[in-house]
Amino acid sequence: MKGQVIYVTIKDIYEEALYLAEKTDDATGYLDDEYKKHHKEKGLRLIKHAIRYFLHLEGRKGVDPQFYREEDAVPLDNYILKNIIPCFVAAMLCAYDRENDKYNLLIYEYQALLSNYKSYEQEPELTDILEGMC
């Protein structure tokens with residue numbers, strides 16, 4: 001879970017959030033191009049906010065996600081990029097659209113993912129335990 005760093009773009013995170021929120025171009029998704037554009041701007045702002053939060057949690061200084069473009073890779077943990085941030089963004093997009101049932105499910109899942117990440121982060125690594133035993 002923690003430790004594996006891959007580079008995922010902001011666009012990848014946004015597409016995953018759309019999938020989780022069921023916001024696609026089919027009958028359950030966007031109504032028109034203006035709505036789609038506005039929705040995307042909101043989603044990208046949410047993603048950058050979430051990236052800033054996790055960079056702060058990891059103690060990384062001097063990196064401002066505000067300057068990231070959609071194609072830029074985000075240097076964060078795989079679990080954060082593929083699970084936590086898309087779930088948060090999907091929940092917030094559903095809240096924005098007043099889809100309370102979807103929001104409640106996604107925010108619950110987000111809280112569980114965040115809790116798992118924090119508890120995993122606090123556990124000592126196996127190599128640290130083995131080094132201490134020698």
Side-chain angles (χ1 to χ4, degrees):
M1 195 181 337
K2 175 138 174 53
Q4 180 185 5
V5 177
I6 62 166
Y7 293 101
V8 176
T9 65
I10 290 176
K11 183 179 180 184
D12 296 334
I13 297 169
Y14 179 68
E15 288 174 3
E16 181 68 21
L18 290 181
Y19 174 76
L20 291 172
E22 299 175 352
K23 305 276 182 209
T24 58
D25 286 326
D26 63 13
T28 64
Y30 301 114
L31 300 175
D32 58 30
D33 288 337
E34 186 61 32
Y35 178 81
K36 186 175 182 177
K37 179 183 170 194
H38 184 69
H39 207 276
K40 186 173 185 175
E41 289 172 4
K42 180 135 184 92
L44 295 178
R45 271 192 310 243
L46 288 167
I47 291 169
K48 289 179 182 183
H49 172 75
I51 291 169
R52 184 177 291 112
Y53 172 76
F54 282 102
L55 287 171
H56 174 74
L57 277 183
E58 291 189 353
R60 295 189 189 183
K61 305 281 187 222
V63 179
D64 186 3
Q66 196 59 33
F67 297 109
Y68 286 179
R69 295 172 302 195
E70 283 185 59
E71 309 81 31
D72 290 342
V74 181
L76 282 173
D77 189 76
N78 184 25
Y79 187 74
I80 294 169
L81 296 174
K82 291 295 219 172
N83 297 297
I84 297 175
I85 293 177
C87 194
F88 167 75
V89 172
M92 298 311 293
L93 292 175
C94 288
Y96 177 71
D97 288 341
R98 293 182 172 84
E99 296 174 320
N100 294 333
D101 291 340
K102 284 184 191 177
Y103 167 79
N104 289 333
L105 289 171
L106 288 166
I107 206 67
Y108 177 80
E109 182 66 22
Y110 165 73
Q111 290 169 341
L113 291 167
L114 191 59
S115 177
N116 288 340
Y117 176 74
K118 286 182 178 178
S119 66
Y120 184 81
E121 188 177 63
Q122 293 170 355
E123 292 177 10
E125 297 239 355
L126 182 60
T127 54
D128 294 338
I129 294 170
L130 292 176
E131 285 178 11
M133 294 176 72
C134 294

Return the minimal non-hydrogen interatomic distance between [X] and [Y], and the atom names on each side.
X	Y	value
I80	P86	O-CD, 3.9 Å
A17	A90	O-CB, 3.4 Å
L81	L76	CD1-O, 3.3 Å

Indicate, with yes or no, if [Y] and [X] share a hydrophobic cluster defined by side-chain heavy-atom contacts under 4.5 Å among Ile, Leu, Val, Met, Phe, Trp and Tyr.
X	Y	result
Y108	Y103	no
Y19	L105	no
Y110	Y96	no
F54	I107	yes

**Item:** Contacts of type side chain to side chain contact (heavy atoms under 4.5 Å, CB included), residue D72, not counting sequence neighbours
**Value:** Y68, R69

Gap between atom [atom2] of [Y] and atom [atom1] of [X] - 0.5 Å precision:
X	Y	atom1	atom2	value
N116	I84	CG	CD1	8.5 Å
N83	L20	CG	CG	9.0 Å
I85	E16	CD1	CD	12.0 Å
E71	D12	CD	CG	10.5 Å

Do [X] and [Y] come within less than 4.5 Å of each other through their side chains, counting heavy atoms only?
X	Y	result
V74	V8	no
Y14	H39	yes
L93	L18	yes

**Item:** Main-chain N/O of C94 paired with D97 side-chain donor or acceptor, under 3.5 Å
**Value:** no

**Request:** Check whether any side-chain N or O of Y79 sits under 3.5 Å from a backbone N or O of L113 as a donor-acceptor pair, and report yes or no.
**Result:** yes

**Message:** So that I can tick it off, tell me whether E70 and K40 are bridged by a salt bridge, with the cut-off set at under 4.0 angstrom between side-chain N and carboxylate O.
**Reply:** yes

**Message:** If you count every heavy atom of other residues, nucleotides or ligands that lies below 6.0 Å from K11 atom NZ, does the total exceed 12?
**Reply:** no

**Request:** Quickly, which of I47, L46, L106 forms a side-chain contact (heavy atoms from CB on, under 4.5 Å) with M92? Name it, please.
**Result:** L46

